[in-house]
Amino acid sequence: NLTIALLVIGAYLLGSISSAVLICRALGYEDPRTLGSGNPGATNVWRTSSKNAAVITFITDLLKGALPVWLALKLGLSSLEAALCGLAAMVGHMLPIFFRFRGGKGVATYLGACLSIDPLLALSQISLWLVTMLAFRRASVASITCALATPVICYWQLSELLPVLGLMSLLLIISHRNNIRRLVAGNEQRL
Ligand code: G3P
């Protein structure tokens, strides 16, 4: 129906706002797309600009996923329909219409969508991300591990969302293809 269509389009457009690029520009830092991994995301902003800019980028990217899902649920849409809005926001972040379709990897936006779906799911993702990050010192390993674990976690409590969250995990892994190549070659940067 019309509400879902409008929310999905709105979520895609919101996701298309590349926070990392705009925040670095506003704070006078170099464009993260030209430095480090070249990824416009919180990890690369942390690596190439400042920790404060990275935290602001992370929160903004998280909100891009959280707000559309929260709004969809507030408007009485089903959790599956709300999750579709999260998927649209993530696609916007990865393929932003305002930034020549060259976007980020979708980790924070995926987490934001999960936060609005089920805060406990987001808490387990954050915990797993931090533990993996501390163990391997590579953000990509932590993000890929979370992407693989999320459908498994969802299987018990949120099985109706498995198709959408599984697709989001798949997109996240695809967006890390260059990281995976570097990990296999043994030259992925530590953080
Ligand atoms: O959040 C993205 C992270 O998983 C990888 O980022 O910059 O190391 O490619 P990066």
Side-chain angles (χ1 to χ4, degrees), residues 11-68 86-115 122-123 125-150 168-191:
Y12 170 76
L13 293 176
L14 182 67
S16 283
I17 302 171
S18 190
S19 331
V21 176
L22 297 179
I23 287 161
C24 285
R25 196 180 291 166
L27 297 178
Y29 294 112
E30 288 278 323
D31 189 326
R33 293 171 299 180
T34 62
L35 296 171
S37 67
N39 187 55
T43 300
N44 200 37
V45 172
W46 180 286
R47 185 185 285 129
T48 61
S49 304
S50 78
K51 294 181 177 45
N52 285 343
V55 171
I56 301 170
T57 300
F58 173 73
I59 293 171
T60 319
D61 282 344
L62 182 127
L63 288 174
K64 293 196 306 189
L67 286 176
L87 171 64
M90 188 179 174
V91 171
H93 178 85
M94 294 168 70
L95 300 166
I97 192 165
F98 307 127
F99 292 83
R100 296 177 187 177
F101 301 100
R102 292 188 57 219
K105 294 176 184 172
V107 180
T109 306
Y110 186 9
L111 176 66
C114 291
L115 182 66
L123 191 67
Q125 290 168 321
I126 293 169
S127 313
L128 182 61
W129 196 95
L130 289 174
V131 169
T132 322
M133 177 65 198
L134 286 175
F136 295 96
R137 300 272 164 195
R138 281 159 184 92
S140 55
V141 176
S143 301
I144 293 164
T145 305
C146 284
L148 293 171
T150 299
M168 289 168 86
S169 281
L170 182 66
L171 289 178
L172 193 141
I173 291 166
I174 292 171
S175 74
H176 281 78
R177 60 196 176 279
N178 288 331
N179 300 84
I180 294 168
R181 276 190 208 112
R182 287 195 292 269
L183 284 166
V184 170
N187 55 17
E188 175 73 322
Q189 287 178 31
R190 280 168 161 257
L191 193 68

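Just so it is clear, the structure is predicted and the values come from calculations on it, not from any experiment. Just the heavy atoms: all of them, side chains too, but no hydrogens, waters or symmetry mates, feed the values below.
- Counting heavy atoms from C-beta outward, Ser18 and Phe98 have side chains that stay 4.5 Å or more apart.
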Check against side-chain contact (heavy atoms from CB on, under 4.5 Å), Leu183 and Ser140: CA-CA 9 Å; Leu183 284 166; Ser140 55; 3.9 Å; yes

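- Nearest heavy atom pair, residue Ile23 against residue Ala53, reads CG2-O, 4.1 Å.
- Between the CD1 atom of Ile144 and the CH2 atom of Trp129 there is a distance of 12.0 Å, given to the nearest 0.5 Å.
- When only modelled atom types and interatomic distance are considered, Tyr110 and Ser169 share a side-chain donor-acceptor pair under 3.5 Å.
- Note that CZ of Arg102 is 11.5 Å distant from CG of Leu95, once rounded to the nearest 0.5 Å.
- If you take NE2 on His93 and CD1 on Ile17, they are separated by 12.0 Å, rounding to the nearest 0.5 Å.
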Leu171/Met90 under side-chain contact (heavy atoms from CB on, under 4.5 Å): CA gap, chis, key distance, verdict: CA-CA 9 Å; Leu171 289 178; Met90 188 179 174; 4.2 Å; yes

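- Pro32 and Asn44 get closest at one heavy-atom pair: O-ND2, 2.9 Å.
- Put simply, OG on Ser50 and CG on Leu27 are 6.5 Å apart, with the number rounded to the nearest 0.5 Å.
- You'll find the side chain of Ser37 stays beyond 4.5 Å of the side chain of Thr43, heavy atoms only.
- What you find for Ala142 and Met133 is that their closest heavy atoms are CB-N, 3.8 Å.
- The shortest heavy-atom contact between Cys146 and Gln125 is SG-O, 3.3 Å.
- The minimum heavy-atom distance linking Ala147 with Ile173 is given by the pair CB-CG1, 3.9 Å.
- Counted by atom type alone, His176 and Lys105 present zero donor-acceptor pairs between their side chains at under 3.5 Å.
- Interatomic distance, Leu128 CG to Thr132 OG1, rounded to the nearest 0.5 Å: 4.0 Å.
- Heavy-atom minimum distance, Asn39 versus Gly104: OD1-CA, 3.4 Å.
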Step-by-step side-chain contact (heavy atoms from CB on, under 4.5 Å) determination, Phe99 to Leu22: CA-CA 11 Å; Phe99 292 83; Leu22 297 179; 4.1 Å; yes

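- A distance of 15.0 Å separates CZ of Arg137 from CD of Glu188, quoted to the nearest 0.5 Å.
- For Tyr12 (side chain) and Pro96 (main-chain N/O), no donor-acceptor pair under 3.5 Å exists by modelled atom type.
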Chi angles and distances behind the side-chain contact (heavy atoms from CB on, under 4.5 Å) call for Val45, Cys24: CA-CA 8 Å; Val45 172; Cys24 285; 3.9 Å; yes

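- Under the side chain to side chain contact (heavy atoms under 4.5 Å, CB included) rule, Ser19 has a single partner from Ile59, Ile56, Asp61, which is Asp61.
- Counting only N and O atoms by type, the side chains of Arg138 and Gln189 include no donor and acceptor under 3.5 Å apart.
- Put simply, the side chain of Thr109 never gets that close to the backbone of Lys64: no donor and acceptor are under 3.5 Å apart.
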